[in-house]
Engineer: 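Please read through the structure below; I'll follow up with questions.
So you know, we letter chains A, B, ... as the sequences are listed, proteins then strands, and number each from 1.
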Protein chains: 2
Amino acid sequence: MITSFNDLLRNVKEKPKKTIAVAMADEEDVLAAVANANREGIADAVLVGNRERIFECGERAEIDITNFDIIDVETEQEAVVRSIQLVREHLADVLMKGTCGTATLLRGVLDREHGVRSGNFLSHVAVFEAPGYHKLLLMSDGGMNIAPDVEVKVAIIENALVVARRLEIERPKVALLAAVEKVNYKAMPCTVDAAVIAKMAERGQIQDAIIDGPLAFDNAVSQHSCDVKGINSPVSGDADILIVPNIEAGNICYKTLACLGKGKVAGLIMGARVPIVLTSRSDSEEAKFYSIALGMITGGRSI
Amino acid sequence: MITSFNDLLRNVKEKPKKTIAVAMADEEDVLAAVANANREGIADAVLVGNRERIFECGERAEIDITNFDIIDVETEQEAVVRSIQLVREHLADVLMKGTCGTATLLRGVLDREHGVRSGNFLSHVAVFEAPGYHKLLLMSDGGMNIAPDVEVKVAIIENALVVARRLEIERPKVALLAAVEKVNYKAMPCTVDAAVIAKMAERGQIQDAIIDGPLAFDNAVSQHSCDVKGINSPVSGDADILIVPNIEAGNICYKTLACLGKGKVAGLIMGARVPIVLTSRSDSEEAKFYSIALGMITGGRSI
């Protein structure tokens, strides 16, 4: 079981190196993160985009990109198509967004004919290393699905479970978060969804995980909080995965930890045939680097 | 301007000591927090409840309560009524929940004849001292209003502004949070609310504050994040108050910082004629202590 980002890096380095395809690689931040990952021995990369602009960008930021293959294309659309083709031909294990638009990239991923869709919904899975927690903690979905219903929440859980398994977490404990731990069927729909999904898991409709909710955040990560409140849950105080009720809660959770709490974070889009590294320009260098490492451990044909 | 909890404590100690009325004080945690606050010279207290049980509780936990007046009553209902009466008679400046039910206490507060309602909605205001931020940061509402509409959100802002002013923050900067900084009028109603409220503030419908939104969490607390995204907001990177779109987002934000991020937190219910300290048993000792201190700086007849 991988319990920290250092653990994750060690683990990635021990495995055969995988390749990341970068769609529109002419962005300094992205090039820097990929070059850094390559120098650390955790990733190879194919850079797709306008060769001249990629070189200019590397020179401007003094980033050594001589280790990478470059596929020269002109337009954003071509860059997306070619990057995804690399994945389809098993020449890349992970997809990464450069300067192309998120919508363009995801449309390419989901294209029925030329894409790499898997039949599942796409969702964002974050991984936290927090000063106040004893292991890595996954959280979803703070980046993709705005107000997921039960069907989408189940898909969100399945995608998070894929990442958890790659982190060698056995029978991950999944907490379905709300603001309270009681079902409030009149005023808090997310507590109802949580109750329904917990029962679905109990009936075997979601496999190989221990799933409970509704739980408040503190119940999921603190046994003490469950003790004083008399909450008896198989997940209490030891959650591996937090499922948040809506995108606002997830997004604010992620950024509270990263911006205010000095936690380390990484994230991936899951649900396609390969993980997608889709960092924001406002993410820290560190977050981009860990996200690539997470992609490396998560990617590969056996997803 | 008060920029840390230590600052807050210093400030409270310099002022005339105020009094907290505890409704049903026979709880060890609450007694310990009140006794601690008294020892530190920041609060007097009147303990309301069954005298015998209060003494037993103090002895069991070895807490010195000889400094406090006790009002001996039998039932929860009586304890709530008498505590609130102390406030009405200006014998107490702050109300604190002991073992009485939250609903019972708030019903008493809102009682049209015998309560201490002020005409405003009640809301929870949290105050953070975070390792990653340069000053105190207020957040609301993660504890009271489940899915506030624009009217309630404006009340939530007004209540937070009362606390901000008591913390001597001039023209507080208020960020109306969403998962994104763009208005998504089709799929994200909270971005629409934020746009509406920001315009209301511009038109003078909310006074003495700089209010902007929608903003993502990172835009509100990190200038760097605004720079790379080209966001130009008077609030960017320097928010004093975060207004979250729903109770789940606020609750998860508060607990992410407290449980995972090693931040310091405090909280009050605002909107009545006095602040209400309503800590949860799962709150840390420290959070209870800072919440009392926050009540002390916020309470008093000039609210």
Engineer: Is the shortest side-chain heavy-atom distance between B/Lys255 and A/Ser222 below 4.5 Å?
Structural biologist: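 No - every pair of side-chain heavy atoms lies 4.5 Å or more apart.
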
Engineer: For each of A/Cys226, A/Ala258, A/Cys253, tally heavy-atom pairs with chain B at distances under 4.5 Å, and name the one with the top tally.
Structural biologist: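 Most heavy-atom pairs under 4.5 Å with chain B: A/Cys253.
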
Engineer: Measure distances from B/Tyr254 to the heavy atoms of chain A and classify the residue's part below 4.5 Å as side chain, backbone, both or neither.
Structural biologist: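 Looking at B/Tyr254, nothing touches chain A.
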
Engineer: Please check if atom CG in A/Asp149 has more than 12 non-hydrogen atoms from other residues, nucleotides or ligands closer than 6.0 Å.
Structural biologist: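 Yes - once you tally the heavy atoms of other residues, nucleotides and ligands closer than 6.0 Å, there are more than 12.
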
Engineer: Among residues 240-251 of chain B, which residues come closer than 4.5 Å to chain A, judged by heavy atom distances?
Structural biologist: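 Within residues 240-251 of chain B, near chain A: B/Val244, B/Pro245, B/Asn246, B/Ile247, B/Glu248, B/Ala249, B/Asn251.
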
Engineer: Does some side-chain heavy atom of B/Leu177 sit less than 4.5 Å from a side-chain heavy atom of A/Ile252?
Structural biologist: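 Counting from C-beta outward, A/Ile252 and B/Leu177 do come under 4.5 Å.
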
Engineer: Starting at CG of B/Asp218, measure out to SG of A/Cys259 and round the result to the nearest 0.5 Å.
Structural biologist: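 Those atoms lie 5.5 Å apart.
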
Engineer: Rounded at 0.5 Å granularity, tell me how far CG in B/Asp227 sits from OG in A/Ser282.
Structural biologist: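 Between atom CG of B/Asp227 and atom OG of A/Ser282 there are 11.0 Å.
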
Engineer: Taking non-hydrogen atoms and a cut-off under 4.5 angstrom, which of residues 180-190 of chain B neighbour chain A?
Structural biologist: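 Under the 4.5 Å heavy-atom cut-off, B/Asn184, B/Ala187, B/Met188, B/Cys190 qualify.
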
Engineer: Where do B/Arg281 and A/Lys229 come nearest, in terms of heavy atoms and distance?
Structural biologist: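 Closest approach of B/Arg281 to A/Lys229, heavy atoms only: NH2-CA, 4.2 Å.
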
Engineer: Chain A heavy atoms under 4.5 Å from B/Ile146: which part of the residue, side chain, backbone, both or neither?
Structural biologist: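 For B/Ile146, side-chain heavy atoms alone lie under 4.5 Å from chain A.
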
Engineer: Please find the pair of heavy atoms, one from A/Lys262 and one from B/Pro131, that lie closest to each other, and give the distance.
Structural biologist: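 For A/Lys262 and B/Pro131, the tightest heavy-atom pair comes out as CE-O, 3.5 Å.
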
Engineer: Who among B/Ala179, B/Gly261, B/Ala130 has the most heavy-atom pairs with chain A under 4.5 Å?
Structural biologist: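 If we count pairs closer than 4.5 Å to chain A, B/Ala179 comes out on top.
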
Engineer: Roughly how far, to the nearest 0.5 Å, is the OH atom of B/Tyr133 from the OG1 atom of A/Thr256?
Structural biologist: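 A/Thr256 OG1 to B/Tyr133 OH: 12.0 Å, rounded to 0.5 Å.
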
